[in-house]
Engineer: 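Please find one structure pasted underneath; my questions will follow.
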Amino acid sequence: MLKTIELPSIALLPGFTPTSAEDDLAATIRTLLEEPDLDRTLERELGLEEKLIHSARATARKAYPRERTTDRQNAPWIDHDARDALHRALTILYQQHVRLPVDSTLANQLHPFSVRLLRELERPWEEDVLRRAHNNADLHEAALPMDPDEFAAWFKSTAFAHPLYEHELYTFLASDATRAQLEWFFRMECAGEAAFDDLVAMGQVGTRGAVKMEMASNYWDEMGKGRAHAVHTHLFHRLIEGLSLEAPPASELPWQVLAGVNVMLWSCIPRRNAFRAQGTLGAVELLAPQRCTRVAHGARRVGIKKKTVVYYTAHAIIDIGHAEGWLENVVKPQVENYAPSRVGIAEGLLARADASLDYFDYCLATARSFAA
């Protein structure tokens with residue numbers, strides 16, 4: 001039974017048996033971060049720190065080689081094992097910033113070794129994310145609309161023109177997917193649907209005025225407007241428990257799933273990405289109604305009770321208002337107050353859309369590949 005829906009608490013690498021050097025990297029990082037005295041451990045194990053840094057760098061270069069043109073997730077040149085390893089390790093490192101110190105003290109959250117590992121793993125991926133975004137649209141500051149209203153219109157039209165907006169997965173889930181295929185999809189959703197409230201909370205840090213007020217209103221909606229039974233994480237929890245599903249172990253989560261989680265954490269945790277966070281969070285709100293409507297329709301088609309999928313039916317409606325509120329009260333005021341923020345907001349939009357595109361491509365291909 002799924003005991004928590006808090007995003008970073010998905011069961012990453014419990015009892016994980018390494019089967020490759022890349023898998024061993026993730027498992028070793030997780031073990032080392034739980035050391036009560038990491039400095040002493042690294043001093044005792046001479047060469048371990050350098051070996052792991054080198055392994056992280058090599059894995060990142062295999063996963064996201066600079067010489068390759070950025071492609072969608074099914075490009076034949078992609079080293080999927082390396083990307084799986086990179087995103088598992090990245091998620092472990094990001095967890096250090098968003099968990100409670102319950103099953104781990106998190107004492108090594110800001111240890112120089114953790115920071116260095118994050119840098120080695122994150123940099124090639126980030127470069128790929130941004131290169132892909134800039135390949136999809138001209139995101140240079142001079143090319144983006146200066147007027148706040150015009151930029152908000154650009155943001156909306158760019159989101160709706162992205163291949164994600166009318167992805168074939170939506171039609172498949174609504175009209176063709178069996179119950180078994182839908183339930184598999186819900187299990188994949190466990191990784192990425194759970195902690196939007198925490199992401200908004202992190203995204204609002206440092207904001208002021210209308211931007212902070214809109215994010216606060218959005219957060220309050222996520223909290224069910226103070227009603228415990230209506231908290232959105234609780235609604236998703238009810239969906240998973242109502243279908244007797246379990247969150248998948250890390251060994252079942254490919255990079256396409258984890259990258260969708262990581263792009264949100266990448267944008268919302270470090271302050272350098274604050275404007276990108278406004279883009280990624282806004283993209284979620286703008287693009288969710290289309291997906292949620294189709295998912296809810298498919299669930300009802302195969303006999304899943306309406307009350308079980310209330311998470312999706314609610315977001316199909318609520319996020320229409322959230323999207324308009326985000327454009328009006330986050331994007332426009334932010335651009336008006338600080339025009340250079342346009343680049344980060346635009347990059348965040350496309351970073352989220354591209355990550356979701358890879359995820360939906362993967363889900364569609366995989367769901368079609370197994371029989372009911």
Side-chain angles (χ1 to χ4, degrees), residues 1-16 72-74 78 80-81 83-84 87-88 91 163-164 166-196 232-233 235-264 284 287-288 290-316 355-372:
M1 179 180 296
L2 189 65
K3 296 181 179 180
T4 178
I5 290 295
E6 193 171 325
L7 169 63
S9 298
I10 55 176
L12 282 173
L13 307 172
F16 185 57
R72 286 169 72 162
Q73 63 89 33
N74 57 353
I78 291 176
H80 292 278
D81 289 339
R83 289 196 179 187
D84 287 347
H87 283 287
R88 287 174 186 169
T91 306
L164 176 70
E166 286 288 353
H167 198 282
E168 191 178 355
L169 176 68
Y170 302 161
T171 301
F172 172 75
L173 294 175
S175 304
D176 301 321
T178 64
R179 180 165 180 143
Q181 289 167 327
L182 274 161
E183 289 183 350
W184 174 85
F185 175 72
F186 290 142
R187 292 184 71 238
M188 294 299 100
E189 291 277 88
C190 288
E193 284 297 315
F196 192 76
H232 291 190
T233 52
L235 297 180
F236 190 79
H237 193 173
R238 282 172 51 191
L239 165 69
I240 300 304
E241 286 202 331
L243 296 175
S244 299
L245 302 177
E246 293 185 358
S251 58
E252 291 184 22
L253 292 175
W255 68 267
Q256 295 94 328
V257 177
L258 292 177
V261 177
N262 286 340
V263 80
M264 300 305 297
V284 171
L287 296 168
Q290 182 86 327
R291 172 175 60 94
C292 292
T293 299
R294 306 293 181 84
V295 172
H297 180 81
R300 296 290 295 125
R301 176 180 53 79
V302 300
I304 298 175
K305 295 180 180 179
K306 185 176 180 179
K307 66 178 182 180
T308 302
V309 291
V310 68
Y311 173 85
Y312 286 98
T313 56
H315 279 80
S356 296
L357 182 64
D358 288 338
Y359 168 53
F360 289 159
D361 282 350
Y362 165 79
C363 285
L364 180 62
T366 304
R368 281 176 166 170
S369 71
F370 65 83

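Every value quoted in this text rests on a predicted model; they were computed, and no experiment measured them.
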Engineer: Kindly compute the distance separating CD1 (Ile240) from OG1 (Thr308), expressed to the nearest 0.5 Å.
Structural biologist: 10.5 Å

Engineer: What I want to check is whether the side chains of Tyr312 and Glu189 have a donor and an acceptor closer together than 3.5 Å.
Structural biologist: yes

Engineer: Suppose we screen for salt bridge (Lys or Arg N to Asp or Glu O under 4.0 Å). Which residues come up paired with Arg301, at least two apart in sequence or across chains?
Structural biologist: none

Engineer: So Leu235 and Arg238, side-chain contact (heavy atoms from CB on, under 4.5 Å) or not? Walk me through it.
Structural biologist: CA-CA 5 Å; Leu235 297 180; Arg238 282 172 51 191; 3.6 Å; yes

Engineer: Ignoring hydrogens and angles, tell me if any N or O in the side chain of His315 forms a donor-acceptor pair with the backbone of Tyr311 under 3.5 Å.
Structural biologist: yes

Engineer: Hey, could you give me the CG/OH distance between Asp358 and Tyr362, rounded to the nearest 0.5 Å?
Structural biologist: 12.5 Å

Engineer: Nearest 0.5 Å, what's the NZ-OG1 distance between Lys307 and Thr313?
Structural biologist: 13.0 Å

Engineer: So, Arg187 and Glu183, do they make that salt bridge, N to O below 4.0 Å?
Structural biologist: no

Engineer: If we only count heavy atoms from C-beta on, is the Arg83 to Gln256 side-chain gap below 4.5 Å?
Structural biologist: no

Engineer: Report the distance from atom NE2 of His297 to atom CG of Leu173, rounding to the nearest 0.5 Å.
Structural biologist: 11.0 Å

Engineer: Is a side-chain donor-acceptor pair under 3.5 Å present for Thr171 with Asp176?
Structural biologist: no

Engineer: How many angstroms lie between atom CZ of Arg72 and atom CD1 of Ile78, to the nearest 0.5 angstrom?
Structural biologist: 11.0 Å

Engineer: Given side chains that start at C-beta, do those of Thr366 and Met188 come closer than 4.5 Å, heavy atoms only?
Structural biologist: no

Engineer: Backbone N or O of Leu164 within a donor-acceptor pair of the Tyr170 side chain at under 3.5 Å?
Structural biologist: yes

Engineer: Could you go step by step and tell me if Leu243 and Ile304 meet the side-chain contact (heavy atoms from CB on, under 4.5 Å) rule?
Structural biologist: CA-CA 8 Å; Leu243 296 175; Ile304 298 175; 4.0 Å; yes

Engineer: Using the six-membered ring wherever Trp is involved, compare the ring planes of Phe360 and Phe185 and label them parallel, tilted or perpendicular (cut-offs 30° and 60°).
Structural biologist: tilted

Engineer: Checking side-chain contact (heavy atoms from CB on, under 4.5 Å) for the pair His232/Phe196: CA distance, chi angles, key distance, verdict?
Structural biologist: CA-CA 9 Å; His232 291 190; Phe196 192 76; over 6 Å; no

Engineer: Applying salt bridge (Lys or Arg N to Asp or Glu O under 4.0 Å), name anything that partners Arg300, two or more places apart in sequence or on another chain.
Structural biologist: none

Engineer: Could you tell me if the side chain of Thr91 sits less than 4.5 Å from the side chain of Asn262, heavy atoms only?
Structural biologist: yes

Engineer: Is it the case that over 12 heavy atoms from other parts of the model lie below 6.0 angstrom from the CD atom of Glu166?
Structural biologist: yes

Engineer: Output, in order, the C-alpha distance, side-chain angles, deciding distance and verdict of side-chain contact (heavy atoms from CB on, under 4.5 Å) for Gln73 and Tyr359.
Structural biologist: CA-CA 8 Å; Gln73 63 89 33; Tyr359 168 53; over 6 Å; no

